[in-house]
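Read through the structure below, which is laid out as structure tokens, and then see the notes.
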2 protein chains.
Amino acid sequence: MKKAVEILNKSNIRPTLQRINILNVILKYKNHMSAEDIYKILQRETPTISRATVYNTLNLLSKNGILAEVITPDSVRYDYVEKFHHHFYCEKCKKVYDIHDEFSVPNIKKIDGHIVKNIQYCIVGICKNCLNGGE
Amino acid sequence: MKKAVEILNKSNIRPTLQRINILNVILKYKNHMSAEDIYKILQRETPTISRATVYNTLNLLSKNGILAEVITPDSVRYDYVEKFHHHFYCEKCKKVYDIHDEFSVPNIKKIDGHIVKNIQYCIVGICKNCLNGGE
DNA sequence: ACCTCTTTTAGACATTGTCTAAAATTATTA
DNA sequence: TAATAATTTTAGACAATGTCTAAAAGAGGT
Ligand SMILES: [Mn+2]
Ligand SMILES: [Mn+2]
Ligand SMILES: [Zn+2]
Ligand SMILES: [Zn+2]
């Protein structure tokens, strides 16, 4: 597991305790978690952590390309991406699955005069597990 | 403007007053509105309309292929689509723009054992208008 | 130590969406 | 028509997700 501090330093982000903890949660659980998920997990160890810090930090890390924002119909999930891939969202259990098929995504910086900052597939359906009765 | 009643009848959906009103709002304003937007508009004329009815109806119309669900980072928007197209979401003003460039989207029914019900691009950035100061 | 800039905190607030039990409406049967 | 059954709507509580602000805390430079 890569060191959170190194990752932050490389992007010139001051490695505060809170930022390290937030990043470590993502590096440890590889679950495509929402900000709320991460907030709840951190609260167990550090009850003083602020919701605002979690949201601010996740935004900061995304803007610096450290995390990918995975857009789903109910929340944004965060992913530390080492190799590019797509995602599948199950509308039943709300889990996000990695998809390693290489669908191409247009590489555009601008369209119709709008600046594109993020383009991704949103693939929604019912997952394998839920189809089999889900546990 | 197509008749809401006709559209509902064609899909064998009982054309109740509420459903007609909801569909008419979408046909009239072509704004990629959220359920909440539609709810607020209807409340002005019919204060007894229920939030649950709006959400239930939009789900029903989507499941029947009458409306497209446009997924954005903050809400699902509804679109009556006559000609297929993509969408751009401005993270500043939260407006959704039609994109008529024909990026291809993989036509998959299943992937890794998961059933795909909906696949779309999610294109996020800053719109033309906001780049020019917004208004 | 002092000043400044950055970061975090606490908590209110806003927005979006789900759920349920009761009421109202519509369709079917007798 | 009257009784019954099925569908639809309502009201409002609740849950989940995200934003905002003013004050406090912390870090770095002089
Ligand atoms: Mn992933
Ligand atoms: Mn559209
Ligand atoms: Zn599932
Ligand atoms: Zn904009």
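Proteins come first, then strands; the chains are lettered A, B, ... in the order of their sequence lines, and each starts at number 1.
Using a cutoff of 4.0 Å between basic side-chain nitrogens and carboxylate oxygens, A:Lys128 and B:Asp112 are not scored as salt-bridged. Note on B:Glu36 versus B:Arg51: salt bridge recorded, some NZ/NE/NH1/NH2 to OD/OE distance being below 4.0 Å.
In this structure, A:Thr53 reaches the bases: a heavy-atom distance under 4.0 Å links it to at least one base atom across the strands shown.
At the phosphate of D:dT9, neither OP1 nor OP2 sits under 4.0 Å from any side-chain N or O atom of B:Ser50.
Straight-line distance from the CG atom of A:Leu60 to the P atom of D:dT19: 15 Å, rounded to whole Å. The distance between atom CD1 of A:Ile38 and atom P of D:dA16, rounded to the nearest whole Å, is 17 Å. In this structure, NZ of B:Lys40 is placed 11 Å from P of C:dG17, rounded to the nearest angstrom. To the nearest angstrom, P of C:dT7 lies 16 Å from CG of A:Asn21. Atom P of nucleotide C:dT8 and atom OH of A:Tyr39 are separated by 14 Å, given to the nearest angstrom. Rounded to whole Å, the distance from OH on B:Tyr55 to P on D:dT10 is 15 Å. Between B:Glu91 atom CD and D:dG18 atom P there is a gap of 14 Å when expressed in whole angstrom units. Remark: P of C:dT16 and CD of B:Glu69 are 16 Å apart, rounded to the nearest angstrom.
Residues A:Ser34 and A:Ala52 each lie close to DNA chain D; by heavy-atom proximity, the contact nearer the 5' end of the strand is made by A:Ser34.
Other members of the hydrophobic cluster containing B:Ile115, listed by chain and number, are A:Ile126, A:Leu131; membership follows side-chain contacts under 4.5 Å among ILVMFWY residues, whether direct or relayed.
Side-chain atoms of A:Lys109 and A:Asn107 form a donor-acceptor pair, as typed in the model, at a separation below 3.5 Å. Between the side chains of A:Asn59 and A:Ser62, not a single donor N or O lies within less than 3.5 Å of an accepting N or O.
Closest of all the heavy-atom pairs between B:Ala68 and B:Val81 is CB-CG2, 3.8 Å.
For A:Arg51, taking side-chain heavy atoms from C-beta onward, the closest of the listed nucleotides D:dT17, C:dG17, D:dT9 is D:dT17. The side chain of A:Ser75 sits closest to D:dT17 out of C:dA10, D:dT17, C:dT18.
Applying the ring pair (Phe, Tyr, Trp, His ring centres under 6.0 Å) test to pairs two or more places apart or on separate chains, those with a residue in residues 100-119 of chain A are A:His85-A:His100, A:His86-A:Phe103, A:His114-B:Phe88, A:His114-B:Tyr97.
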N/O contacts under 3.5 Å, protein versus nucleotides 6-8 of chain D?
unit_1 : atom_1 : unit_2  : atom_2 : d
D:dT8  : OP1    : B:Arg19 : NH1    : 3.4

